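The basis for the numbers below is simple: all heavy atoms, side chains too, and nothing from hydrogens, waters or symmetry mates. Small disclaimer: the values here were computed from a predicted structure and weren't measured.
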Amino acid sequence: MDAEVQHHHPLPAEPQRCEALQAALDLIDQGIILVDKDLKLVAWNRCFLRLFDFPPEMAYPGAPFESFIRYNALRGEYGPGDPQAQTAERVAMARSLQEYDLERIRPNGTVLSVRGLAVPGRGLMTFYSDVTEARHREALIREQNALLEARVAERTAELLQTNAHLRQALEHNEAIALSLVRSEGRMRLITDSIPALLAYFGHDRHYHYVNRGYRDWFGIDPSKPESIKARAFLGEDTYSRIRPYVMQAIRGSAVTFEYEVQTVHRGLRVARTSLIPETSPQGEVVGCFELTFDVTDERLAHDRMAQAQKMEALGLLTGGLAHDFNNILAVVQGNLTALAEIPALSPYLNDYLKPALDAALRGSHLIRGLLSFARKHPLSSRIEDLNLCLARTATLLRGVLPDSLSFVTEAWPQPLFVCLDPNQLQDALLNLALNARDATGGKGRITIRCSQVTLGPEAAAKLDLVAGQYARISVEDDGCGMDQLTMDRVFEPFFSTKAPGQGSGMGMAMVYGFVQQSAGAIELRSQVEQGTTVSIFFPLPASVTLPADPVDAPSLAPEIPSEGRRGLALLVEDDPGLRQLLRRELLDIGFSVIEAENGAEALDLIDHTQGIELLLSDVVMPGSVDGLQVVAHARAMGSIPRIVLMSAFVPNRAVAAEVPFLQKPFSRAELQLALSSARS
């Protein structure tokens with residue numbers, strides 16, 4: 001990937017840069033044209049003019065792109081039709097500055113590949129490639145492949161037929177024997193052209209035939225199959241693993257199996273081999289046909305898909321569990337808090353109630369970690385400079401990292417503005433740095449650096465991103481590193497390499513969930529005893545609007561009714577225990593309470609109940625109506641002064657900015673703060 005990462009360097013003086021750029025463009029064998037937002041020509045090269053036979057005088061800075069389209073239309077480049085309409089249609093498409101990728105055939109038979117790329121804030125760059133020869137070669141290859149398949153089928157049938165005749169009359173017909181030799185030569189030519197390993201070995205497991213694939217993989221001579229020993233070219237370990245399958249084939253059963261094998265030029269590959277026994281007329285196994293394919297890429301794709309599906313399944317499972325446990329913890333925490341406020345129970349506060357409350361709070365933090373992994377923890381994303389986020393986090397880290405450990409930060413020379421939740425980023429960097437501290441034993445080196453990188457198509461695809469500009473923040477250590485099995489599981493919830501009781505196993509899972517929820521990606525590189533580097537990529541926004549400085553303003557929220565001026569509150573919550581707890585809290589504050597256990601019931605109460613002063617609703621509820629729909633209906637009615645939403649997590653739809661949101665579980669103080677800021 002590093003080969004595709006491009007860093008920005010200062011450019012030469014403008015005139016020299018323009019001359020060098022034009023000279024470079026003219027050397028490119030693709031036609032290139034860049035127009036601005038007004039479709040005026042900014043840059044081009046000679047290949048563009050040559051591909052379309054445009055007169056050179058047509059191209060000059062500021063030339064209208066429409067003139068090239070009209071020139072083509074007038075000479076019939078776009079086929080029969082009104083040139084004026086053809087010109088207008090293509091100019092309109094170009095004016096949209098939308099990216100496109102297409103092929104078209106010129107009247108002279110030339111096939112052109114045309115690809116338009118939007119240049120943000122600049123205009124449109126279009127690349128024209130002459131792919132005529134490539135298309136001709138592709139057609140020729142298809143024809144040759146079809147011919148080869150027909151020849152393989154024809155020759156295979158011929159060989160089988162010849163072998164049958166040979167077994168019947170080998171001692172009496174020398175002509176058939178000669179025919180077999182000729183057929184074998186033709187068959188070798190065919191099998192050597194197949195992208196697979198083909199072989200035949202007898203019942204004694206001695207090779208009688210191998211194709212050229214064996215030479216490519218193992219460097220052995222296919223003209224001397226009798227000298228080939230599987231144990232020698234496979235290696236003792238690989239041979240011992242596949243030997244049971246070979247013996248099964250020798251006993252008469254067709255078998256297919258996969259295994260890893262070391263090759264001469266391509267390194268370690270994953271092979272899939274099929275063994276098909278050949279039997280005599282008497283039913284005895286006389287040998288086996290062997291067919292081997294390279295399935296390394298297929299296996300890697302399958303493993304990546306399986307890992308993605310596993311992480312998605314874990315996300316769904318943890319998200320559902322976290323939602324339910326948050327409701328449970330909310331009931332436990334709320335009732336324990338109420339008990340702690342009873343004067344008669346004060347003797348039991350420190351020994352019984354406070355430890356239980358602390359345990360409930362720890363459970364709440366653990367559930368928030370699960371929600372982060374499941375990407376259902378609400379983010380407060382805004383435009384931030386990644387350099388400043390690193391500086392703030394570094395200040396915290398220097399207070400917790402030991403003096404025996406070398407800690408270095410490297411900022412990017414220019415601001416790196418990205419859209420993210422700075423608090424979540426800080427938590428992620430703290431987790432990564434503390435993991436690095438543990439990996440080094442507190443005596444190594446940790447480096448956190450910010451950079452701007454360009455990901456090409458191949459590097460971006462490995463990270464499930466699109467090619468383009470990204471901000472990267474990396475945490476690097478020289479600690480103990482990880483093996484492949486650990487790397488495969490490091491982002492799973494509750495997975496930890498630490499001793500029991502020394503970690504929850506949620507740190508890396510929280511990092512994974514935050515990065516995925518921020519539309520970013522993580523790259524993990526590690527080797528045992530050689531350290532670990534965790535790189536996080538965030539997309540750079542096309543344009544940056546910095547948030548305004550906060551201004552102190554008087555609150556416009558109405559006061560909460562006192563106990564002497566109680567209003568009517570509609571409480572919408574599907575969990576009975578939590579609904580009972582919240583009812584008591586609202587009654588203590590001074591509200592009268594009516595309840596709904598689902599969204600449909602809440603809509604009915606809103607429509608038929610007068611004087612509701614407060615709507616406190618859960619977001620996720622059973623049935624077809626959720627809390628967001630209840631709030632939307634209440635706001636449309638306009639008769640409820642205060643509206644507050646609560647949930648263990650926020651679903652895909654955004655909560656309106658004007659509606660206060662409570663993250664379950666929450667305290668009475670948090671509830672009162674939300675009610676004081678609530679308005680319709």
To the nearest 0.5 Å, atom CD of E103 lies from atom OG1 of T132 at 9.0 Å
Do other residues, nucleotides or ligands put more than 12 heavy atoms under 6.0 Å from R90 CZ?
-> yes
How long is the span from the CD1 atom in I33 to the CZ atom in F127, to the nearest 0.5 Å?
-> 11.5 Å
For the residue pair L39 and E66, establish whether any side-chain heavy-atom pair is separated by less than 4.5 Å.
-> no
I105 and R135, any side-chain heavy atoms less than 4.5 Å apart | no
E149 side chain to N145 side chain, donor-acceptor N/O pair below 3.5 angstrom = no
Specify the closest pair of heavy atoms between L49 and P55, including all atoms of both residues, with the distance to one decimal.
-> CD2-O, 4.5 Å
Would R272 and T256 satisfy side chain to side chain contact (heavy atoms under 4.5 Å, CB included), going step by step from the backbone distance to the final call?
-> CA-CA 7 Å; R272 178 185 296 146; T256 298; 3.8 Å; yes
Does the N45 side chain pair with the main chain of Q30, one donor and one acceptor, at a distance under 3.5 Å?
-> yes
Passes side chain to side chain contact (heavy atoms under 4.5 Å, CB included), E138 versus I141? Steps please.
-> CA-CA 5 Å; E138 291 172 1; I141 290 173; 5.6 Å; no
Show the numbers, then the answer: is there a side chain to side chain contact (heavy atoms under 4.5 Å, CB included) between M93 and R95?
-> CA-CA 5 Å; M93 183 176 70; R95 196 174 301 281; over 6 Å; no
Check whether any side-chain heavy atom of P107 lies under 4.5 Å from a side-chain heavy atom of E77, and answer yes or no.
-> yes
Nearest non-hydrogen partners of C47 and G31, listed with the distance | SG-N, 3.5 Å
Paired with E236, the salt bridge (Lys or Arg N to Asp or Glu O under 4.0 Å) test is passed by just one of R243, R231, K229, namely R231
For V295 against A271, the heavy-atom pair lying closest together | CG2-C, 4.1 Å
Write down the atom of T296, the atom of V270, and the distance for their closest heavy-atom approach.
-> OG1-N, 2.8 Å
Any side-chain heavy atom of H203 within less than 4.5 Å of one from I250?
-> yes
Take atom CD of E154 as the centre, draw a 6.0 Å sphere, and report whether it contains more than 12 heavy atoms from other residues, nucleotides or ligands.
-> yes
4.5 Å side-chain heavy-atom contact, T126 and Y100 = yes
One should read off an interatomic distance between Q248 CD and L275 CG, to the nearest 0.5 angstrom, of 9.0 Å
Would you mind reporting whether H206 and E226 have side-chain heavy atoms less than 4.5 Å apart?
-> no
Test F68 against every option in F48, W44, F52 by the ring-ring contact (aromatic ring centres under 6.0 Å, His included) rule and name the one that passes.
-> F48
Would you name the heavy atoms of N211 and Y209 that are closest together and state the gap between them?
-> CB-OH, 3.8 Å
Which is it for R205 and M247 under the side chain to side chain contact (heavy atoms under 4.5 Å, CB included) test, yes or no, and what are the steps along the way?
-> CA-CA 9 Å; R205 286 176 286 159; M247 300 308 298; 3.9 Å; yes
Contact check, side chains of V246 and Y239, non-hydrogen atoms, under 4.5 Å | no
Q86 side chain vs N72 backbone, donor-acceptor pair below 3.5 Å = no
Name the orientation class of the two ring planes belonging to F218 and F233 (parallel below 30°, tilted from 30 to 60°, perpendicular beyond 60°).
-> tilted
Can any side-chain N or O of T292 pair as donor or acceptor with the backbone N or O of T273 at less than 3.5 Å?
-> no
Separation between OH (Y128) and CZ (R104), nearest 0.5 Å, reads 8.0 Å
To the nearest 0.5 Å, what is the distance between CG (L74) and CD1 (I69)?
-> 11.5 Å
Look up atom CD1 in I220 and atom CD1 in I228, then write down how far apart they are to the nearest 0.5 Å.
-> 3.5 Å
Under 3.5 Å, is there a donor-acceptor pair between the side chain of S526 and the main chain of M482?
-> yes
Could you tell me which non-hydrogen atom of L463 sits nearest to which non-hydrogen atom of A521, and how far apart they are?
-> O-CB, 3.6 Å
Residues, nucleotides or ligands: over 12 heavy atoms within 6.0 Å of R241 CZ = yes
Give me the ring orientation class for Y200 and H208: parallel if the planes are under 30° apart, tilted from 30 to 60°, perpendicular past 60°.
-> tilted
Student check: side-chain heavy atoms of E89 and Y78 closer than 4.5 Å | no
